[in-house]
S.K.: 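Here it is, the structure, as structure tokens.
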Amino acid sequence: MRDDGAYLARSDRQEEVLSLSVPPDRDFLRHPDRMQGEYQIKSPIDGVERLYAWQRLREYPLVVSVGLDHDKALATTKSSIAQSRLWNAAGTLLAVLAALWIALLFMHQRRIQARLEQHQQRYQLALEGGNLGTWEWTTNTTHLHVDERWHTLMGSSPSDGPPSLDSLRARAHPQDWPAWKAALDAHVRGDSDVFEAESRKSHPDGTWRWIHVRGRIIERAPADQPQQISGTCTDVTQRYAAEAAREELQLRLSKLVQQVPGTVFQYRLKPDGSSHFPYSSSGILGIYGLSPEEAAMDAAHVFARMHPEDRDRVKASIGDSARTLTTWHAEWRQIRQDGEARWLEGSGNPQREADGSTLWHGYIHDVTDQHAATLALSRSEERLRLTVAAVQDGLWEWDTTSQMVTPDARCQEMLGYHRQPLPLVFCAWRRLVHPDDRGALLAVLQQQVALCQPFNQEVRLRTADGQWRWVEIRGQAAPSPDGTVSLVIGTQTDISQRRADTLLHHAVLDNAAAALLVTSADNTIELGNRRAEEYFSVDGLPLKGRSIRMICREDAAFSDFCQSVEEVRPTGTVHVEHQLPTTSKGLRWFSIRGALLDPEQPAGNLIWTLVDTTERREGEEALSTARTHLLEIIRHFPAGVLVQDSQGAPVVVNQALCDLLEVPLRAADVMGYSRAELVMLVPPQARSVLPPDSPLHDDAVASTHEVALGDGRTVQIQFIPILTPHGDQLGRLWLAKDVTERRRHEQTLERLASTDTLTGLANRRAFMERLEPECARQASGGPGGMVLMLDLDHFKRVNDTWGHATGDVVLVHLARMLKGNLLRSHDLAGRLGGEEFAVLLPGTTAQEATAIGERLRHALEQSRIHAGDGTIFQVTMSIGAAPLHADAHATLAQADAALYEAKNTGRNKVVLAQPADAAPEKTP
């Protein structure tokens, strides 16, 4: 039957019993989406209940339905059922048992399948995590079966087809293929258990990629049978690049270390007490008389040649450092092969190793000369007083624009002013200089500032109490990017003590910013300089004879001082930093150095130098904070910012620059790129404006460029060199911003300034800007040209008859003709005013200009113009032509004269100006 239920074939009287189609309640009619089914009905004709099965044919709109007599079809089954009921009872138990057994087998199979899927998933995750591609090869074939990751690693596509050994050889580096192929052949022959090789493969991006391939025969077949090999591959290019970078770094470090006097070392102390130098630079030969190889074997020779008086002390310091994992530092004498004793100084930082050993990284150098100098100084009490830890100078700035001098607190303190530093007018600051020194100082300032060179001058300055103090003023001008000098920065050093006669004054000079103390064995102050009294004398009286407790007032501070005393007596020197209370400044940080006054008397007096490092610490913290703030400002700056070092590599870059220049990386990812790599990241349109990478290139002046990008945006890039005060280049600053809208606005303004608003032609100013260079070119021997002056005939009549709106229509109509195809592409038409127009015809003869004028005149005469009331009228124009002269205004005047000759002689014509023509009387 058809799929709509109609019978395809029927008997003559079928319609009387079955009708022409099946009843509409059949499944295949109620469910047209089903392809097959069955149903059970009792026939209304013969009363027989039948079972029907139907099937829909896929390629034809037909349904096949077959019916069976229910009782006949099931008679045998019912009989079998009746006969088998007796067997069912016995078989049921067996069936249940079999079902249980099958269920157990099925569950076991499910567990095996689950483990297999889990192992397969782990295998795939391992391949993905390790970025491994897989491959298989049968030795009697030429092609390999590979997965998608293979193609990804090799830069190929699955559509390229499976790779072959020939294609692998073609892409392999010539130096790598023989070893690679030899390793594969060896494994096929059975000479190796695993095939493993690394080689360079050419990548479609033009680079060489190192590929590590590993595989093995799955199951070795007889020698005359093909072998099946399966394996993996991975890209190890980054590893090779890292190894190359590490080797280069090690080479540089080795060269650098070789230039360092002394030796850089690693020293390992094992739990059993033995020791050696795993690494030492070549300088160890001059230090210990051992080669680095000999020192790596055993360090016993080092201690054997150590001075007997120093050996136990050095070993104890090494043991203390190993036990506490604190920095090791020691000085000792080493006896050379020739018997000479040399003083050595060493220091190192320890770290604990897994086996309990201690490994130090440090540096040892020869300090014999320093010890000799120290020994010479220690033999004189006056010379001992020259020992000082540091010198603290004052800082000042002079703004040459505002003529304000700003000293810091140290400059103020130097002159006895304890108030907050305030800016001084230069004239007021100049009055502080002694009259005898003022002229020389001003001359030096004027000369050296003009040359942007450093200067220094010793002068006397008036103090707060009216006295004169000798200071050394040093400074240098800091030029601005435009080359002018607006800021001079310098230091001010108190040198009054240097001018004193006694050695004690010399000592205070060298320690101008330090407090100097000499203490006895019972911690009594034997000597305290003026700075020490300023810091620590509560009543302003000398410190001599008082206990060190006056300085170390807290128990913890006094305990630390006693600990330092215990360290300085066996070692000869100590250096610590502590906070101490002062009389006028509260808690201050001091760098404290202690030494034996007489090295021959370890139990004798000690000399202490205390340097106030509070400002330095605060400055370092402020500098760190300022750097953090600056980086945040750059990161959130609305314009693009990039800072390059002296080699052109980026050191700071914000995301705004990456977005502006369409760099396909995040700002953080750009860090570490070389200059060449950075150049390739910017758009091609911007590369041409980048400063060249040449040490001879003079780019000490800032430059600004505008770049039109491919997406239509315009970006302004400013390159600013970063220079030291001496003019040495430290790097370069990029500032980039989007100026698209500004540029469009400027172009719009330029267009409005050069275009007649009504007609869209060039206005008089724009026309003259084009005419004047053409005239100058003709005067210098150029090709010459012509100018046409056009004026509408009886234009006033048009305005009076139809109104000014219609007059504007006429003007626009003429302008449209001039902008059409009646002129050449290099000709220029402009409206000079009212109904006057002009046309510049470069490189045109008088005859050609006359022909062009006639063509324009005829076109206007033949055109029709619609007035506002529906009237259609025509207009004509008169044209004067003149050749170009050196003077643009004279050229226009001659063309104008020819124009009005045309008007006076009948209008609607073209007249060529004659050199001797006089300008006729103008006719409207």
Side-chain angles (χ1 to χ4, degrees), residues 326-327 329 345 347 349 384-397 407-418 420-421 471-472 474 489-498 507-519 525 527-538 543 548-554 556-565 567-568 571 573-595 606-628:
T326 55
T327 301
H329 180 270
E345 181 181 15
S347 61
N349 293 318
L384 277 175
R385 293 174 183 176
L386 293 174
T387 305
V388 77
V391 175
Q392 185 179 12
D393 296 337
L395 299 175
W396 56 269
E397 295 181 359
D408 68 354
R410 176 58 186 144
C411 291
Q412 297 283 77
E413 179 185 347
M414 200 176 294
L415 300 180
Y417 298 99
H418 298 287
Q420 290 291 332
V471 299
E472 182 180 13
R474 297 182 297 273
I489 304 174
T491 61
Q492 176 177 303
T493 305
D494 186 351
I495 60 172
S496 57
Q497 298 299 326
R498 193 174 70 192
V508 174
L509 169 64
D510 292 341
N511 297 275
L516 185 66
L517 299 173
V518 176
T519 61
I525 300 175
L527 176 66
N529 68 347
R530 181 180 58 84
R531 184 66 65 198
E533 293 172 0
E534 291 177 356
Y535 276 127
F536 306 114
S537 178
V538 178
L543 297 175
I548 197 68
R549 274 280 191 175
M550 173 168 282
I551 297 174
C552 305
R553 302 172 192 172
E554 302 293 334
F558 182 72
S559 176
D560 292 339
F561 174 80
C562 294
Q563 179 65 30
S564 299
V565 171
E567 293 180 11
V568 74
T571 61
T573 183
V574 70
H575 179 207
V576 294
E577 288 198 9
H578 290 301
Q579 268 188 313
L580 297 175
T582 61
T583 57
S584 60
K585 299 182 179 180
L587 282 175
R588 306 285 290 180
W589 277 98
F590 289 90
S591 173
I592 306 173
R593 291 182 181 271
L606 304 176
I607 182 168
W608 302 91
T609 306
L610 294 82
V611 178
D612 189 340
T613 59
T614 306
E615 283 79 9
R616 186 200 72 193
R617 281 176 168 262
E618 293 174 350
E620 291 173 352
E621 293 175 359
L623 182 61
S624 176
T625 302
R627 174 179 173 80
T628 302

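From a predicted model like this one, the values you see are computed outputs, not experimental measurements.
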S.K.: Quick check for you: to the nearest 0.5 Å, what is the distance between D408 atom CG and W396 atom CH2?
M.R.: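 Answer rounded to 0.5 Å: 11.5 Å.
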S.K.: Looking only at heavy atoms, what is the nearest atom pair of A557 and L580, with distance?
M.R.: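 Closest heavy-atom pair between A557 and L580: CB-CD2, 4.5 Å.
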S.K.: Could you tell me whether R531 and E413 make a salt bridge, using a distance below 4.0 angstrom between a side-chain N and a carboxylate O?
M.R.: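 Salt bridge present between R531 and E413.
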S.K.: To the nearest 0.5 Å, tell me how far T519 OG1 sits from I548 CD1.
M.R.: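 One gets 6.0 Å once the value is rounded to the nearest 0.5 Å.
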S.K.: Roughly how far, to the nearest 0.5 Å, is NZ of K585 from CG of D612?
M.R.: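 With rounding to 0.5 Å, CG (D612) is 6.0 Å from NZ (K585).
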S.K.: Is the shortest distance from a Lys or Arg side-chain nitrogen in R616 or E620 to a carboxylate oxygen in the other one below 4.0 Å?
M.R.: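 Here R616 pairs with E620 in a salt bridge, since their nearest N and O are under 4.0 Å apart.
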S.K.: Compare every heavy atom of S564 with every heavy atom of V574, then report the nearest pair and how far apart it is.
M.R.: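 Taking every non-hydrogen atom into account, CG1-O, 4.1 Å.
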S.K.: Decide yes or no for E615 and R410: does some side-chain heavy atom of the first lie under 4.5 Å from some side-chain heavy atom of the second?
M.R.: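 No, too far: nothing below the 4.5 Å cut-off.
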S.K.: For the residue pair E577 and S591, what are the closest heavy atoms and their distance?
M.R.: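 Smallest heavy-atom distance, with atoms named: CG-CA, 4.0 Å.
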S.K.: Hey, does I551 have a side-chain heavy atom less than 4.5 Å from the side chain of L517?
M.R.: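 In short, these two side chains touch, coming nearer than 4.5 Å.
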S.K.: Does T573 use its side chain to pair, donor to acceptor, with the backbone of A595 at less than 3.5 Å?
M.R.: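 No; judged by distance alone, with no hydrogens or angles, the pair does not exist.
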S.K.: Rounded at 0.5 Å granularity, tell me how far CZ in R627 sits from OG in S624.
M.R.: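 Nearest 0.5 Å value for the CZ-OG distance: 8.5 Å.
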S.K.: With side chains defined as the heavy atoms from C-beta onward, is the minimum distance between D560 and V576 less than 4.5 Å?
M.R.: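 Not touching, per the 4.5 Å side-chain cut-off.
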S.K.: Which distance, rounded to the nearest 0.5 Å, do you find between the CZ of R588 and the OG1 of T614?
M.R.: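 Output value for this atom pair is 3.5 Å.
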S.K.: Shortest non-hydrogen contact from I489 to E397?
M.R.: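 Shortest heavy-atom separation between I489 and E397 comes out as CG1-CG, 4.4 Å.
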S.K.: Can you tell if the side chain of Q492 reaches within under 4.5 Å of the side chain of L415, non-hydrogen atoms only?
M.R.: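 Result yes, sub-4.5 Å side-chain heavy-atom pair found.
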S.K.: To check you understand the geometry: which heavy-atom pair defines the closest contact between L516 and N529, and what is its length?
M.R.: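 Heavy atoms of L516 and N529 come nearest at N-OD1, 2.8 Å.
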S.K.: Under 6.0 Å from the CD atom of Q579, do we count more than 12 heavy atoms belonging to anything else shown?
M.R.: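 Counting neighbours around CD of Q579, more than 12 heavy atoms of other residues, nucleotides or ligands fall under 6.0 Å, so yes.
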S.K.: Answer with yes or no after comparing the ring centroid distance for W608 and F561 against a 6.0 Å cut-off, counting only values under it.
M.R.: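 Ring-ring flag for W608/F561: true, centres closer than 6.0 Å.
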S.K.: Which pair of heavy atoms, one from A514 and one from T609, lies closest together, and at what distance?
M.R.: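 Closest approach of A514 to T609: CB-CG2, 3.8 Å.
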S.K.: About how many Å separate CG of L610 and NE2 of H578, when rounded to the nearest 0.5 Å?
M.R.: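 It comes to 10.0 Å.
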S.K.: Might you work through the salt bridge (charged side-chain N to carboxylate O under 4.0 Å, His left out) test for E534 and R530, ending with a clear yes or no?
M.R.: CA-CA 6 Å; E534 291 177 356; R530 181 180 58 84; 2.3 Å; yes
S.K.: Could you label the plane-to-plane angle of the F590 and F536 rings as parallel, tilted or perpendicular, counting under 30° as parallel and over 60° as perpendicular?
M.R.: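 Because their plane-to-plane angle lies in the 30° to 60° range, the rings of F590 and F536 count as tilted.
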S.K.: Have R474 and T491 got a donor and an acceptor in their side chains that come within less than 3.5 Å?
M.R.: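 Present: a donor and an acceptor within the cut-off.
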